[in-house]
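Quick notes on the structure that follows.
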Amino acid sequence: MRPTPAGTRRTPRLRAALLALLIAGAGTSLSGAPAQAAPRMDTSQFKGVNWADPRDNFADDPVVLSGLSLSDSYAPTYTKSSRVISAFRANLGANTVRLPINPYTVNGTYWKSYRAVIDAASAKGFKVILSYWEGTGPRKDGFIDDQATYWPMWNTVVKAYKSDRNVYFEPMNEPHGYTDTEWADLAAKWLDTYASVPRGRVFVSGAGYNDHVTTVCADPRLKGTYLSLHHYGFWKEYATYDQWVADLKVRIGDCANRTVADEFGAHMTTGFDYNKPAPDNNFVNYMQAVTDTFRELKMGSVYWPGLRTGDTYSLQTLTGDPSRPWLATTNRSGADRLAWAWGRGKAVRP
């Protein structure tokens, strides 16, 4: 999640040069056998939430998800993660969790523990979307931070989880530093490098802040992949319900059958009631519009965040013994809108 574009913008010439180096210097290919034929796209199967580091996943060190500890070994991490995943299912009906990765997490010693999160979710039958997040400070610019660590990170992750059908791979979160064409080139390079990964287990982010999927959808090199879209109410100071529906649909184009909204969200700890029309409230208009649209288009969606300590958007909060955590829902009406987007529940009526 990003409130606003930030960071230093590189010149087009420097950006192009860096992109050429990145593509030329990609890590060892794990291509192996040709990829399997892509399965029929069914994005409605993804009913999920993001589980985030309190820092919003932008970090120049390992990402540590809310409720977990950098000092925990595999076993306690697995126990905590199993309970959080179970709570996502019990409280919300979720079957998908999106998790951040970065080179500090994967290429360092914490990877042994962090794998417990992925393993616990997969063991519970959850679909797990692993997405690369860039660093913070001057690195928070929409570019891959360092090709020398990025590709080895993915080599490790793909090798570990290529055979786990519950695990999906998202090459980059919000690649807004690149032009649409540059980002499509990088996504195509990722697919070529890891050609043994079925395309039906890859999420190609929309261009910019994941804010439109129309260009990646049109690129034949990316055929057979899922597309990930981000959409937020704070992008507009105010819009009506109908304006929010129109805004979302233009970002999707005719690509709903491949698109998963793997970030969307609104304030959950401020007392908003998303089950009642409130035409003067931008966030109520937004939340009702997007969940209605996801349901209408039979699109999968992954709420931001299911759990993030200190985030007013967080739909869950930690409760109980920190060594055996559970979760409580922060806004029942918000959970109702997720259920509606996922094909259950009741519509909002005047």
Side-chain angles (χ1 to χ4, degrees), residues 1 45-59 61-102 105-106 110-131 133 157 160-161 164 166-168 170 173 260 262-265 268-269 300-332 334-339 341-342:
M1 174 181 174
Q45 66 182 299
F46 299 98
K47 303 171 173 66
V49 294
N50 283 263
W51 185 4
D53 185 303
R55 298 167 294 178
D56 200 15
N57 298 341
F58 298 100
D61 55 10
V63 286
V64 182
L65 305 181
S66 300
L68 302 184
S69 172
L70 189 63
S71 62
D72 282 342
S73 63
Y74 183 97
T77 302
Y78 190 98
T79 296
K80 293 177 181 180
S81 299
S82 292
R83 291 182 62 82
V84 169
I85 294 297
S86 293
F88 285 149
R89 173 177 284 142
N91 294 352
L92 303 173
N95 70 3
T96 301
V97 65
R98 181 171 178 254
L99 304 174
I101 57 171
N102 65 19
T105 306
V106 175
Y110 189 55
W111 177 235
K112 293 179 180 178
S113 296
Y114 198 73
R115 287 195 60 174
V117 185
I118 305 166
D119 295 347
S122 179
K124 293 284 185 182
F126 262 53
K127 305 174 194 305
V128 182
I129 303 169
L130 300 177
S131 181
W133 289 63
V157 172
Y161 290 104
D164 187 336
N166 286 333
V167 177
Y168 297 76
E170 188 175 40
N173 171 75
V260 176
D262 72 5
E263 280 192 29
F264 74 102
M268 291 295 160
T269 62
S301 57
V302 183
Y303 180 81
W304 175 276
L307 179 62
R308 179 187 170 212
T309 303
D311 190 338
T312 65
Y313 282 35
S314 189
L315 192 50
Q316 300 284 281
T317 188
L318 289 159
T319 63
D321 184 343
S323 67
R324 292 181 58 79
W326 195 250
L327 302 177
T329 300
T330 60
N331 187 313
R332 185 66 255 168
D336 289 345
R337 290 309 95 219
L338 258 64
W342 297 343

What pairs with Thr105 under side-chain hydrogen bond (donor to acceptor under 3.5 Å, both in side chains), at least two apart in sequence or on another chain?
Asn102
Does any part of the side chain of Pro305, heavy atoms only, come nearer than 4.5 Å to the side chain of Val49, both counted from C-beta?
no
Grab the two heavy atoms, one from Ser301 and one from Trp342, that are nearest each other, plus how far apart they are.
OG-NE1, 2.9 Å
Nearest 0.5 Å, what's the CZ-OG distance between Phe126 and Ser82?
11.0 Å
Output the distance between atom OH (Tyr161) and atom OG (Ser122), rounded to the nearest 0.5 Å.
8.0 Å
When the ring centroid of Trp304 is compared with that of Phe264, is the distance short of 6.0 Å?
no
Give the intermediate values and the outcome of side chain to side chain donor-acceptor pair (under 3.5 Å) for residues Glu263 and Asn50.
CA-CA 8 Å; Glu263 280 192 29; Asn50 283 263; 5.4 Å; no
Between Arg337 and Asn331, is there a side-chain donor-acceptor contact under 3.5 Å, judged purely by atom types and distance?
no
Distance-only, no hydrogens or angles: does the Tyr313 side chain make a donor-acceptor pair with backbone N or O of Gly306 under 3.5 Å?
no
Between Tyr78 and Ala123, the two heavy atoms sitting closest are OH-CB, 3.4 Å
Could I get the full list of salt bridge (charged side-chain N to carboxylate O under 4.0 Å, His left out) partners for Arg332, not counting sequence neighbours?
Asp336
Which atom pair, heavy atoms only, marks the closest approach of Pro54 to Val64?
CD-O, 3.5 Å
Holding to side chain to side chain contact (heavy atoms under 4.5 Å, CB included), I want the full list of residues that pass it with Ala328, two or more places apart in sequence or in another chain.
Thr317, Thr319
Any idea which heavy atoms bring Leu327 and Asn91 closest together, and the distance?
O-ND2, 2.9 Å
When you look at Ser131 and Trp133, which way does the side chain to side chain contact (heavy atoms under 4.5 Å, CB included) test go after all the steps?
CA-CA 6 Å; Ser131 181; Trp133 289 63; 3.9 Å; yes
Asp262 side, atom CG; Asn173 side, atom CG - distance, nearest 0.5 Å
7.5 Å
Within the 4.5 Å heavy-atom criterion, are Pro62 and Leu70 side-chain neighbours or not?
yes
Going by side-chain hydrogen bond (donor to acceptor under 3.5 Å, both in side chains), name the residues that satisfy it together with Asp53, two or more places apart in sequence or in a different chain.
Arg55
Taking all heavy atoms of Arg83 and all of Trp326, pick out the closest pair and write down the distance.
O-CZ3, 3.5 Å
To the closest 0.5 Å, what do you measure between CZ (Arg308) and CG (Asn57)?
7.5 Å
Quick one: list whatever passes side chain to side chain contact (heavy atoms under 4.5 Å, CB included) with Ser81, sequence neighbours left out.
Trp51, Leu68, Thr77, Val117, Ala120
Hey, what do you get for CD (Gln45) to CG (Asn95), rounding to the nearest 0.5 Å?
8.0 Å
Checking Ser73 now: which residues fulfil side-chain hydrogen bond (donor to acceptor under 3.5 Å, both in side chains) with it, not counting sequence neighbours?
none
Thr312: which residues meet the side chain to side chain contact (heavy atoms under 4.5 Å, CB included) condition with it, sequence neighbours left out?
His267, Thr269
Taking all heavy atoms of Thr329 and all of Leu92, pick out the closest pair and write down the distance.
OG1-CD2, 4.4 Å
List for me each residue that meets side chain to side chain contact (heavy atoms under 4.5 Å, CB included) alongside Ala160, sequence neighbours excluded, and say none if there are none.
Trp111, Arg115
Could you list all the salt bridge (charged side-chain N to carboxylate O under 4.0 Å, His left out) pairs where at least one residue sits in residues 64-75, not counting sequence neighbours?
Asp72-Lys80
In Å and rounded to the nearest 0.5 Å, what is the CD1 to CD1 distance from Ile129 to Ile101?
12.5 Å
Side chain to side chain contact (heavy atoms under 4.5 Å, CB included) between Tyr110 and Val63: does it pass, once the steps are laid out?
CA-CA 9 Å; Tyr110 189 55; Val63 286; 5.9 Å; no
Which residues satisfy the side-chain hydrogen bond (donor to acceptor under 3.5 Å, both in side chains) test with Thr79, sequence neighbours excluded?
none
Test salt bridge (charged side-chain N to carboxylate O under 4.0 Å, His left out) applied to Asp164 - qualifying residues, sequence neighbours left out:
none
Using the benzene-type ring in the case of Trp, are the ring centres of Tyr168 and Phe46 under 6.0 Å apart?
yes
Pairs involving residues 117-130, ordered by first then second residue, that meet salt bridge (charged side-chain N to carboxylate O under 4.0 Å, His left out) (sequence neighbours left out):
none
